[in-house]
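These notes are about the structure you will find just below.
Residue indices begin at 1 and follow the sequence shown.
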Amino acid sequence: MERVDQIREMLAEDPSDPFLHYALGLELQKKEHYQEAIAAFQKVLQLDEAYIAAYYQTAIIFIHLDIVDVAKTFIEKGIHQAIIKKDLKAKSELAELLNEIE
C-alpha cells in the first residue's frame with residue numbers, strides 16, 4: 001500500500017488530526033500533486049492556524065509554481081504565528097525564505 005493511501009486511511013478514522021493532513025500534504029508535494037498538497041496544508045491551517053510548518057510548505061509550493069505574491073502571504077502569516085509562539089527558529093527560517101524571493 002502506498003504511503004498516501006495509508007495516510008488517507010488514518011484520516012478516515014481521525015479527520016481532525018492536523019499532523020495527518022500535514023503528512024498527506026508532504027507526500028502529495030513529493031509526487032508533485034501540488035493542488036492536492038495545497039488543499040491538505042490548508043486543511044491543517046483550518047484545524048490549527050498555529051501549525052507553522054504548513055505555512056512554510058505551502059509557500060514552497062507557490063514559489064515552485066512561480067506565484068510569489070501568494071507565497072509571501074503564507075510566509076508572512078507563518079512569521080506572525082512564529083512570533084506568537086515565540087518560535088525563533090521557525091521565524092528565522094521563514095524570514096530567510098522571504099529574503100530569498102524578494
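Evaluation of the salt bridge (charged side-chain N to carboxylate O under 4.0 Å, His left out) rule for Lys86 yields no partner, not counting sequence neighbours. Residues that satisfy the ring pair (Phe, Tyr, Trp, His ring centres under 6.0 Å) test with Tyr34, not counting sequence neighbours, are His64. Considering only residues two or more places apart in sequence or on other chains, Tyr55 meets the ring pair (Phe, Tyr, Trp, His ring centres under 6.0 Å) condition with none of them. Shown here are the salt bridge (charged side-chain N to carboxylate O under 4.0 Å, His left out) partners of Glu93, two or more places apart in sequence or in another chain: Lys89. Scanning for side chain to side chain donor-acceptor pair (under 3.5 Å) contacts around Glu36 gives Arg8, with sequence neighbours left out. With sequence neighbours left out, the side-chain contact (heavy atoms from CB on, under 4.5 Å) criterion links Ala50 to Asp48, Gln81, Lys85. Shown here are the side chain to side chain donor-acceptor pair (under 3.5 Å) partners of Lys31, two or more places apart in sequence or in another chain: Glu2. Remark: Gln42 engages Ile38, Phe74 in a side-chain contact (heavy atoms from CB on, under 4.5 Å) (not counting sequence neighbours).
Under the 4.5 Å side-chain heavy-atom criterion for Ile, Leu, Val, Met, Phe, Trp and Tyr, Val4 and Leu11 are members of the same hydrophobic cluster. In the hydrophobic cluster analysis, where Ile, Leu, Val, Met, Phe, Trp and Tyr join through side-chain heavy atoms closer than 4.5 angstrom, Val44 is grouped together with Phe19. Cluster membership for Leu26 and Tyr51, using ILVMFWY side-chain heavy atoms within less than 4.5 angstrom, is shared.
The CD atom of Glu27 sits 10.5 Å away from atom CG of Asp5, with the distance rounded to the nearest 0.5 Å. Note: His33 NE2 to Ile61 CD1 = 12.0 Å, rounded to the nearest 0.5 Å. To the nearest 0.5 angstrom, Ile7 atom CD1 is 5.5 Å from Leu24 atom CG.
Here the shortest heavy-atom pairing between Gly25 and Phe41 reads C-CZ, 3.4 Å. Between Lys43 and Pro15, the closest heavy-atom pair is CE-O, 4.4 Å.
Here side-chain hydrogen bond (donor to acceptor under 3.5 Å, both in side chains) pairs that include residues 11-26, with residues two or more places apart or in two chains, are Asp14-Ser16. Among pairs with a residue in residues 75-102, none fulfils ring-ring contact (aromatic ring centres under 6.0 Å, His included), at least two apart in sequence or across chains. Listed by first and then second residue, the salt bridge (Lys or Arg N to Asp or Glu O under 4.0 Å) pairs involving residues 62-75 amount to none (not counting sequence neighbours).
The backbone N or O of Ala54 sits less than 3.5 Å from a side-chain atom of Thr58, completing a donor-acceptor pair.
Ile79 forms part of a hydrophobic cluster together with Ile52, Tyr56, Ile60, Ile63, Val68, Ile75, Ile83, Leu94, Leu97, Leu98, Ile101, judged by ILVMFWY side-chain heavy-atom separations under 4.5 Å.
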